[in-house]
Asks: 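Pasting a structure here, questions to come.
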Protein chains: 2
Amino acid sequence: MTGDAIRRRSRGTLRSALLAASFELLREGGLAGFSVAELARRLDVSTAAPYRHFRDRDELLAAVAAQAAAELTAAMRDAVEAAGSDPVDRFAATAGAYVRFVSARGAGFDVIFAAELRHLRNGALAEAGRELTSLLLDLAQRARPAESLEALQLVEQVIALAHGYASLDTGGFLSSARLTDDDVAARATRAAAALVRGGQPA
Amino acid sequence: MTGDAIRRRSRGTLRSALLAASFELLREGGLAGFSVAELARRLDVSTAAPYRHFRDRDELLAAVAAQAAAELTAAMRDAVEAAGSDPVDRFAATAGAYVRFVSARGAGFDVIFAAELRHLRNGALAEAGRELTSLLLDLAQRARPAESLEALQLVEQVIALAHGYASLDTGGFLSSARLTDDDVAARATRAAAALVRGGQPA
DNA sequence: GTCTATAAATAGATAGAC
DNA sequence: GTCTATCTATTTATAGAC
């Protein structure tokens, strides 16, 4: 559906069409498969057209990353609310939300915090990243048992776990088990909860 | 050191020099930065030379992946032995070994189990992958508390965690903390132990 | 086994017309 | 704002000489 809808856009919307198509492209081939030329091809415009809206490839990617960060933060907030009142479950829900988001949109921490985009000092992206980090830190702080790890390290652990599950999913490591995206998200959530609980002082 | 040593190799060793240089290249730019042309450049041979030893890029990568899998399995065995007798600590040590290995060699599960290499049906690679999986399953089985998750899912969790830590490390997410590779490996190990312990039936 | 030369893709990016 | 045309760089891969 989206492909045609994008191609049949009316004039003046190339910029947002580029962003939308970028997510499609990322979902299909990851950062490695991302190219401005391919984007132009899919939108039936010349390869020069995107450069009227973005200085170069990195600026386009940064805009995508900023949008991804905002959407991911929102998705995590929703998952947290749906998770109930247990602070550990609420924090762990972010891992599941992350897996689901990457599977649906193709952009995760690798895009949002890409080293190749840091030189841009893109304000919107930096701010969106900070908001995401802040949400996670807050949830970690509440889930953190006394005497346990610092909240920052707890965030690091859960991010690593979530990103790992998303990578395994994307890379097809889990494909033999024929899991749905929701299955993988549930596993990531369960693992995150175990991780936080296991960190408690015996 | 290695660069010059490789460039000054005597004749008849291009094949192994290609493998060695591949690891260097992967460590610097990951799978995305891997190219046969760049490899040839570094070894001061023509871009055609590598194709006398490998049918194409994927066959070269598969040979790299098979070697990586064997080395990683050995590194994990060493780490397990050094970890003592507690089954959870022994299993968790594989996460630290993985992080250290990826940091040193640049090739991890993403290369070893790359979807793009599966069509080759490379026997050596498949066998090396099986051996790695088998080691992890065995350790998981011994670390697994009764009533806990299946060993396969435990392996999945620890692999995801380890791969996530390695990605965070490689991507520079942890760079603000100025951690050494050993620091990151220690954190991954600790997190893996917490994960396994937290999975126990309360 | 290695080289030179070359072909065919593909990507990023710009100039200038409309 | 978009197009056509073009440039430059890079990569994978092959043919044929030595």
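Heavy-atom basis, side chains included; hydrogens, waters and symmetry copies ignored. Convention: sequence-line order gives letters A, B, ...; per-chain numbering from 1.
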Asks: Nearest whole angstrom, please: distance from the P of dT11(D) to the CG of Leu31(B).
Replies: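 Answer to the nearest Å: 15 Å.
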Asks: Give Ala48(B) one of three labels, base, sugar-phosphate or nothing, depending on what nucleic acid heavy atoms sit under 4.0 Å from its own.
Replies: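 If one applies the 4.0 Å heavy-atom cut-off, Ala48(B) turns out to touch a base.
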Asks: Measure from the side-chain heavy atoms of Ala49(A) and tell me the nearest of dC3(D), dG12(C), dG1(C).
Replies: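 Between dC3(D), dG12(C), dG1(C), the one nearest the side chain of Ala49(A) would be dC3(D).
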Asks: At 4.0 Å (heavy atoms only), tell me whether Arg57(B) reaches a base, stays on the sugar-phosphate, or touches nothing.
Replies: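 The residue Arg57(B) makes sugar-phosphate contact but no base contact.
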Asks: Closest-nucleotide mapping onto DNA chain C: is Gly33(A) or Arg55(A) further toward the 5' terminus? I mean the 5' end.
Replies: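 That would be Gly33(A).
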Asks: Taking salt bridge (charged side-chain N to carboxylate O under 4.0 Å, His left out) as the cut-off, I'd like each qualifying pair that reaches into residues 158-172 of chain B, sequence neighbours left out, listed once.
Replies: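 Listed once each, the pairs would be none.
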Asks: Could Asp58(B) and Arg118(B) be called an ion pair, given the rule that one side-chain N must be under 4.0 Å from one carboxylate O?
Replies: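 Here Asp58(B) does not pair with Arg118(B) in a salt bridge, since their nearest N and O are not under 4.0 Å apart.
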Asks: Please determine if a side-chain N or O atom of Arg41(B) lies less than 4.0 Å away from the OP1 or OP2 oxygen of dT11(D).
Replies: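 Checking dT11(D) against Arg41(B), a side-chain N or O does come within under 4.0 Å of OP1 or OP2.
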Asks: Please give, in whole Å, the distance from dG12(C) C1' to Phe54(A) CZ?
Replies: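 Answer to the nearest Å: 16 Å.
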Asks: Once you round it to whole Å, what is the distance between P of dT11(D) and CD of Glu38(B)?
Replies: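 Answer to the nearest Å: 7 Å.
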Asks: Looking at the side chain of Val45(B), which of dC3(C), dT12(D), dG1(D) is the nearest nucleotide?
Replies: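 The listed nucleotide nearest to Val45(B)'s side chain is dC3(C).
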Asks: For dT11(D), does OP1 or OP2 lie under 4.0 Å from any side-chain N or O of Ser35(B)?
Replies: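 Checking Ser35(B) against dT11(D): at least one side-chain N or O falls below 4.0 Å of OP1 or OP2.
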Asks: Whole angstroms only, please: what is the CG-P distance between Leu18(A) and dG1(D)?
Replies: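 Between P of dG1(D) and CG of Leu18(A): 12 Å.
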Asks: Take atom OH of Tyr51(A) and atom C1' of dC7(D), then tell me their distance rounded to the nearest Å.
Replies: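 One finds 13 Å between C1' of dC7(D) and OH of Tyr51(A), rounded.
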Asks: Ignoring the backbone of Ser46(B), work out which of dT4(C), dT11(D), dC3(D) is nearest its side chain.
Replies: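 Minimum distance to the Ser46(B) side chain belongs to dT4(C).
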Asks: Answer yes or no: is there an ion pair linking Arg90(B) with Asp138(B), defined by an N-O contact shorter than 4.0 Å?
Replies: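 A salt bridge is absent here (no side-chain N lies under 4.0 Å from a carboxylate O).
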Asks: Could you tell me whether Glu24(A) and Arg27(A) have a side-chain N and a carboxylate O separated by less than 4.0 Å?
Replies: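 Looking at Arg27(A) together with Glu24(A), the answer is no, because their closest N to O distance does not fall below 4.0 Å.
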Asks: List in chain and number order the residues that pass salt bridge (Lys or Arg N to Asp or Glu O under 4.0 Å) with Glu28(B), two or more places apart in sequence or in another chain; answer none if no residue qualifies.
Replies: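 Glu28(B): salt bridge (Lys or Arg N to Asp or Glu O under 4.0 Å) contacts with Arg42(B).
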Asks: Rounded to whole Å, how long is the line connecting atom NE2 of His53(B) with atom P of dT14(D)?
Replies: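 For the pair His53(B) NE2 and dT14(D) P, the rounded distance is 15 Å.
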Asks: Send over the distance from Arg52(A) CZ to dC18(C) C1', rounded to a whole Å.
Replies: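 For the pair Arg52(A) CZ and dC18(C) C1', the rounded distance is 13 Å.
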Asks: In whole angstrom, what separates Leu14(A)'s CG from dG1(D)'s C1'?
Replies: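 For the pair Leu14(A) CG and dG1(D) C1', the rounded distance is 9 Å.
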